[in-house]
Amino acid sequence: MDCNELKVPAKLVIHCRQNEETVQSRIFLCFFKLYFEDFKKIFWHNCVTDSILYTIEEQLKIAFEYGLFKFYIDIRMNGWEERGASVRTALFAYCFNQLRALTKFMRTHPGNQYEGDPDVAIESKSKSLSHVFSEVAEKELTDFEYALYERAFAELDERCKNFIRWRLNQKTDNEIADKYPDVDFESRDPADITYRCVQKLKRIVDKQKVKIKL
């Protein structure tokens with residue numbers, strides 16, 4: 001897959017709907033390569049500058065990761081509705097919503113860790129971010145996704161739950177390795193184990209979607 005193909009909505013939909021882990025991983029890597037630096041430059045000033053939780057770089061990365069994940073799920077489930085926005089603009093709408101939610105959470109819950117709680121998601125009203133679904137549709141989709149992932153997460157073994165929690169909370173590889181001294185991290189580093197756990201979570205979610213005939 002050429003990363004530039006993901007800039008074309010029709011091709012983006014095709015790739016997002018392929019049920020292959022390697023394709024999914026490639027999509028996420030491509031989006032980081034294509035757009036993360038631009039996202040940082042544009043939205044740097046929207047971060048909480050005096051935060052004790054995260055640096056500005058970390059805030060932007062968390063927002064981009066959550067926004068990208070929601071964008072990917074939406075495209076996979078609903079395809080692309082042409083509203084005159086580019087893929088970049090559409091993606092940034094999701095990421096910016098997550099950044100606003102994150103900054104709001106950090107200001108109102110000092111000392112706590114943000115976990116992408118959909119209850120604090122904020123709908124962007126900016127005309128430049130034109131490719132966003134209606135408030136009702138977005139809330140329904142968010143609530144539905146949250147319920148699916150909440151049930152799927154409960155089915156994971158404790159080891160995988162921990163690795164995913166630590167990844168969300170920005171734990172370093174050394175901090176994670178200290179928790180599991182018996183694991184040979186020379187051949188399987190914490191990032192690889194976390195990736196495998198996330199893929200396991202996604203497979204459980206996909207099975208749930210099949211059961212309810214999504």
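All values below come from the heavy atoms of this structure, side chains included, with hydrogens, waters and symmetry mates left out.
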> Take Arg88 and Lys7, measure what side-chain contact (heavy atoms from CB on, under 4.5 Å) needs, and give me the verdict at the end.
CA-CA 7 Å; Arg88 176 179 178 274; Lys7 296 179 180 180; over 6 Å; no
> Could you state whether Trp44 and Ile42 fall into the same hydrophobic cluster, counting links through intermediate Ile, Leu, Val, Met, Phe, Trp or Tyr residues with side-chain heavy atoms under 4.5 angstrom apart?
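In one cluster: yes.
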> Following the transitive rule for hydrophobic clusters with a side-chain heavy-atom cut-off under 4.5 Å over Ile, Leu, Val, Met, Phe, Trp and Tyr, establish whether Leu29 and Phe64 coincide in one cluster.
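Not linked; separate clusters.
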> When you group the ILVMFWY residues by side-chain heavy-atom contacts below 4.5 Å and let the links chain together, are Leu6 and Ile14 in the same group?
no
> Just wondering, do Leu68 and Phe32 contact through their side chains at under 4.5 Å, heavy atoms?
yes
> Can you tell me how far the NE2 atom of His15 sits from the CD1 atom of Ile75, to the nearest 0.5 Å?
13.0 Å
> Taking C-beta and beyond as the side chain, do Ile204 and Phe153 meet within less than 4.5 Å on heavy atoms?
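Ile204 does not reach Phe153 side chain to side chain.
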> Is any side-chain heavy atom of Tyr54 less than 4.5 Å from a side-chain heavy atom of Cys47?
no
> Please check if any side-chain donor atom of Asn162 sits under 3.5 Å from a side-chain acceptor atom of Arg159, or the reverse.
no
> Can you give me the closest heavy-atom contact between Leu156 and Cys197, atom names plus distance?
CD2-O, 4.3 Å
> List the steps, then state whether side-chain contact (heavy atoms from CB on, under 4.5 Å) holds for Gln24 with Gln18.
CA-CA 8 Å; Gln24 294 173 7; Gln18 293 184 52; over 6 Å; no
> Compare every heavy atom of Asn46 with every heavy atom of Thr103, then report the nearest pair and how far apart it is.
CG2-O, 3.2 Å
> Do the ring centers of Phe39 and Phe43 come within less than 6.0 Å of each other?
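Ring centroids of Phe39 and Phe43 are less than 6.0 Å from each other.
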> Does Trp166 belong to the same Ile/Leu/Val/Met/Phe/Trp/Tyr cluster as Tyr195, with side-chain heavy atoms less than 4.5 Å apart forming each link?
no
> Any side-chain donor-acceptor pair under 3.5 Å between Thr89 and Ser86?
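Yes, Ser86 and Thr89 have a side-chain donor paired with an acceptor closer than 3.5 Å.
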> Quick check: closest heavy atoms across Val87 and Trp80, and the distance to 0.1 Å?
CA-CH2, 3.9 Å
> Under the criterion side-chain contact (heavy atoms from CB on, under 4.5 Å), I'd like the reasoning laid out for Lys200 against Asp157: C-alpha separation, chi angles, the key distance, then a yes or no.
CA-CA 10 Å; Lys200 184 185 295 186; Asp157 57 84; 3.3 Å; yes
> Write down the atom of Cys3, the atom of Lys33, and the distance for their closest heavy-atom approach.
SG-CD, 4.4 Å
> Decide whether Val23 and Tyr72 are clustered together by the hydrophobic rule: side chain heavy atoms of Ile, Leu, Val, Met, Phe, Trp, Tyr closer than 4.5 Å, transitively.
yes
> side-chain contact (heavy atoms from CB on, under 4.5 Å) for Leu60 and Leu99? Distances and angles first, verdict last.
CA-CA 7 Å; Leu60 289 163; Leu99 182 59; 4.0 Å; yes
> In plain terms, say whether Glu21 and Lys202 are close enough for a salt bridge, that is, a side-chain N and a carboxylate O under 4.0 Å apart.
no
> When you measure from the side chain of Gln59 to the backbone N and O of Val48, does any donor-acceptor pair fall under 3.5 Å?
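Yes: the side chain of Gln59 pairs with the backbone of Val48.
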> Flag the pair Lys61 and Glu58 as a salt bridge only when some basic side-chain nitrogen lies within less than 4.0 angstrom of an acidic carboxylate oxygen.
no
> One thing to verify: whether Arg196 and Asp192 come together as a salt bridge, which I'm taking to mean a side-chain N less than 4.0 angstrom from a carboxylate O.
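Here Asp192 pairs with Arg196 in a salt bridge, since their nearest N and O are under 4.0 Å apart.
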> Give me the atom names and distance for the closest heavy-atom approach of Leu91 to Phe31.
CD2-CD2, 3.7 Å
> Working to the nearest 0.5 angstrom, can you tell me the gap between Cys95 SG and Tyr35 OH?
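These two atoms lie 11.0 Å from each other.
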> For the CD1 atom of Ile193 and the SG atom of Cys160, what is their distance to the nearest 0.5 Å?
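Between atom CD1 of Ile193 and atom SG of Cys160 there are 9.0 Å.
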> Testing Phe96, Tyr94, Tyr66 for ring pair (Phe, Tyr, Trp, His ring centres under 6.0 Å) with Phe71, which one passes?
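The single option meeting the ring pair (Phe, Tyr, Trp, His ring centres under 6.0 Å) with Phe71 is Tyr94.
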> Indicate the atoms forming the closest heavy-atom contact of Gly79 with Arg17, along with that distance.
N-NH2, 3.1 Å
> Roughly how far apart are Asn97 CG and Leu102 CG, rounded to 0.5 Å?
12.5 Å
